[in-house]
Visitor: 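Before anything else, here's the structure in question.
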2 protein chains.
Amino acid sequence: MTVDRGTRPARRAVPSSRPPGVDLAPDADGGEESASRPVPEATVARLAVYLRVLTSLLADGRGTVSSEELAAAAGVNSAKLRKDLSLIGSSGVRGVGYDVSRLTAEVEATLGLDSPHAVALVGVGNLGHALARYGGFAQRGFPVAALFDVDPALVGTVIDGVEVQHADAIDVVCAARGVTIGVVATPAEAAQRVCDHLVSAGVRSILNFAPTVLSVPAGVEVRKVDLAVEMQVLSFHVARRHGTVPAAGPAAPSRPTPREVFSR
Amino acid sequence: MTVDRGTRPARRAVPSSRPPGVDLAPDADGGEESASRPVPEATVARLAVYLRVLTSLLADGRGTVSSEELAAAAGVNSAKLRKDLSLIGSSGVRGVGYDVSRLTAEVEATLGLDSPHAVALVGVGNLGHALARYGGFAQRGFPVAALFDVDPALVGTVIDGVEVQHADAIDVVCAARGVTIGVVATPAEAAQRVCDHLVSAGVRSILNFAPTVLSVPAGVEVRKVDLAVEMQVLSFHVARRHGTVPAAGPAAPSRPTPREVFSR
DNA sequence: AGTTGTGAAATGATTCACAGCC
DNA sequence: GGCTGTGAATCATTTCACAACT
């Protein structure tokens, strides 16, 4: 993709002095929370992708993989993959590669997939309903332990063996069932309130599908999936290609608001 | 959130020589495709978020906003917001702020939302069905122009006024209806094939919900939404908090594969 | 020979802090 | 006085390239 920029000046020869280097960090989670996080966020997201590839290799009975092959399958640069894996303290064998089953276990352990995480899903509307029935969650170690909504027509119904309860019960039920991850699939207006309830029930990780910025106390992790954003980013690329964009100069486009595409 | 790191050594006084600085890039899309992209990817994603806030401000009849307020509502740093907006050539007024309706129009224009983009959705299973009925797409200027699946039980059914057609027709129908964005919501196994069909139909932007890495020719933009990845990233944070992670040292955890949480 | 692990360079993104302008 | 626009500093991430090891 990127054009080869030709030969670049060689780096100066390596000085023989080997710097100390800590090799493996002493670990031991220093502070309560934000003190030390040796594994960067970007790496964590990629680990999940590596895991998917590893699992399929494992199913194929493959014993080892090289960083090159694994990286290609995951769609990343091999150096990046090696660095990622070195960060979680994994060890491949030089000249050979990584042991597939061992690496799989290491990645799973790092991601905390040793034990399942009970998930609460709030908002069983269109999207929420599909998510609840979407096998993906339970299948992958994230059993849906509770469903909530405010619609009386939905409360009491059973989806995939789980009864929908009223959102007022979030605090109690989540705490009782040991929910660790909350999924918000409500309309934007309700999202913050729902989020607050989840937090007060002790949920520290939230996946937000509602098109709003959730504010949470420090120590609570929110990840966002916003379909409108994704579509609009793609729209940007379409426009770029077609040259539709009015050459982002200082002058504003003449038309003030062509169409109110964005309603709420 | 972040603790104030106290007074930092003052930057050295600004030397009076003002460097040339290009101010506004000469623009004019140099090469065919990867040559120049003045707006960074990260900014584009945030523009969509700003737009949401702007729209709601517009609905409230607000005339102007300050970068501070807009940034707070979008959940970002105000300097970042100002830099983002300066990149798209917008102009606020010093001492006043940004004109809401004008800024809205500028962001919309940059994102290419002037005209709607016809969307094709492939895979009308659990998730795909919900996406098709999810008003979010059409409502925001991304009308679903075509639906595809391979399941004979689904082909021929009508969802929200659009008939589901067989996936074999992707090439023809997409080209005919001027589809510019494709959404892949099939199982992983079918995703690459579907993607190839979309590409050969001229679709240059793809939103992928299938848990696979799609390979596409240069010039095609793929964005990925992977629920398993999101959940696993959250799982990582849960584990970090609880200290469940077995101290990522060089020694592997004793158990080889605790549970096959990841099936396919 | 083949492949990992990793300093160090390169690139990219974010934040600071202040000049310039209304 | 208030607020934008932006160079420069800081921070994060990616990539390179090669020594170390099997």
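Labels below follow one simple rule: chain letters A, B, ... track the order of the sequence lines, proteins then strands, and each chain is numbered from 1.
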Visitor: Are any of the side-chain heavy atoms of D84(B) and Y50(B) separated by less than 4.5 Å?
Guide: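 When only atoms from C-beta onward are counted, Y50(B) and D84(B) do touch, with a gap below 4.5 Å.
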Visitor: Has the side chain of K83(A) got a donor or acceptor atom sitting under 3.5 Å from an opposite partner on the base of dT15(D)?
Guide: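 When only heavy-atom distances are counted, K83(A) does reach the base of dT15(D) through a donor-acceptor pair under 3.5 Å.
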Visitor: Find the distance D99(A):CG to dT22(D):C1' and express it as a whole number of Å.
Guide: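 For the pair D99(A) CG and dT22(D) C1', the rounded distance is 15 Å.
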Visitor: Please step through side-chain contact (heavy atoms from CB on, under 4.5 Å) for the pair T104(B) and L57(B), ending with a clear verdict.
Guide: CA-CA 10 Å; T104(B) 303; L57(B) 287 174; over 6 Å; no
Visitor: Would you say V216(A) and C195(A) make side-chain contact, with heavy atoms under 4.5 Å?
Guide: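 Contact flag for V216(A)/C195(A) side chains = yes.
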Visitor: Starting from C1' on dA12(D), measure out to CZ on R46(A) and report it in whole angstrom.
Guide: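 For the pair R46(A) CZ and dA12(D) C1', the rounded distance is 11 Å.
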Visitor: Can you measure from CZ (R240(A)) to OG1 (T110(B)) and round to the nearest 0.5 angstrom?
Guide: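 Result: 9.0 Å between the selected atoms.
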Visitor: Send over the distance from L103(A) CG to dT4(C) P, rounded to a whole Å.
Guide: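 So the two atoms are 11 Å apart, to the nearest Å.
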Visitor: Holding to salt bridge (Lys or Arg N to Asp or Glu O under 4.0 Å), I want the full list of residues that pass it with R204(A), two or more places apart in sequence or in another chain.
Guide: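 Applying salt bridge (Lys or Arg N to Asp or Glu O under 4.0 Å) to R204(A) gives none.
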Visitor: Is the phosphate of dT4(C), meaning OP1 or OP2, less than 4.0 Å from a side-chain N or O of S67(A)?
Guide: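 Yes, because at least one side-chain N or O of S67(A) sits under 4.0 Å from OP1 or OP2 of dT4(C).
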Visitor: Find the distance K80(A):NZ to dT6(C):C1' and express it as a whole number of Å.
Guide: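 It works out to 17 Å between those atoms.
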Visitor: Side chains of V203(A) and T180(A), heavy atoms from C-beta outward: is any pair under 4.5 Å?
Guide: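 A side-chain contact is absent here, since even the closest heavy-atom pair is not under 4.5 Å.
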Visitor: Just the rounded figure in Å: distance from P of dG12(C) to CG of L87(B).
Guide: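 Interatomic distance, CG of L87(B) to P of dG12(C): 14 Å.
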Visitor: Check the pair S90(A) / R102(A) against side-chain contact (heavy atoms from CB on, under 4.5 Å), numbers first and verdict last.
Guide: CA-CA 9 Å; S90(A) 88; R102(A) 176 171 170 183; over 6 Å; no
Visitor: For the pair made of CZ in R82(B) and P in dG5(D), what is the distance, rounded to whole Å?
Guide: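 So the CZ-P distance, R82(B) to dG5(D), works out to 8 Å.
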Visitor: Please report the closest heavy-atom contact between R82(A) and S67(A), naming both atoms and the distance.
Guide: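 The pair with the smallest heavy-atom distance is NH1-OG, 3.0 Å.
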Visitor: Kindly state which residues belonging to residues 70-79 of chain B come within less than 4.0 angstrom of DNA chain D, counting heavy atoms of the residue only, listed by number.
Guide: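 Per residue number, the list is empty: none.
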Visitor: Taking side chain as C-beta onward, heavy atoms only, is R223(A) less than 4.5 Å from L234(B)?
Guide: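 The answer is yes, as the side chains (C-beta and beyond) meet within the 4.5 Å cut-off.
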Visitor: Round to the nearest Å and state the distance from R102(B) atom CZ to dT4(D) atom P.
Guide: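 These atoms are roughly 14 Å apart.
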Visitor: Base of dT4(C), side chain of R94(A) - is there a donor-acceptor contact under 3.5 Å?
Guide: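 By the distance-only test, yes, there is a pair.
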Visitor: Check whether any side-chain N or O of S66(A) sits under 4.0 Å from OP1 or OP2 of dT3(C), and answer yes or no.
Guide: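 No, because none of the side-chain N or O atoms of S66(A) sits under 4.0 Å from OP1 or OP2 of dT3(C).
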Visitor: For the helix from dA1(C)-dT22(D) to dC22(C)-dG1(D), what angle lies between the axis at the first five pairs and the axis at the last five pairs, to 10 degrees?
Guide: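 Here the helix ends are tilted 0° relative to one another.
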Visitor: When the distance from CD of E69(A) to P of dT3(C) is rounded to whole Å, what number comes out?
Guide: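 These atoms are roughly 10 Å apart.
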Visitor: Starting at the 5' end of DNA chain D, which residue's closest nucleotide do you reach first, T43(A) or V65(B)?
Guide: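 Nearer the 5' end of the strand: V65(B).
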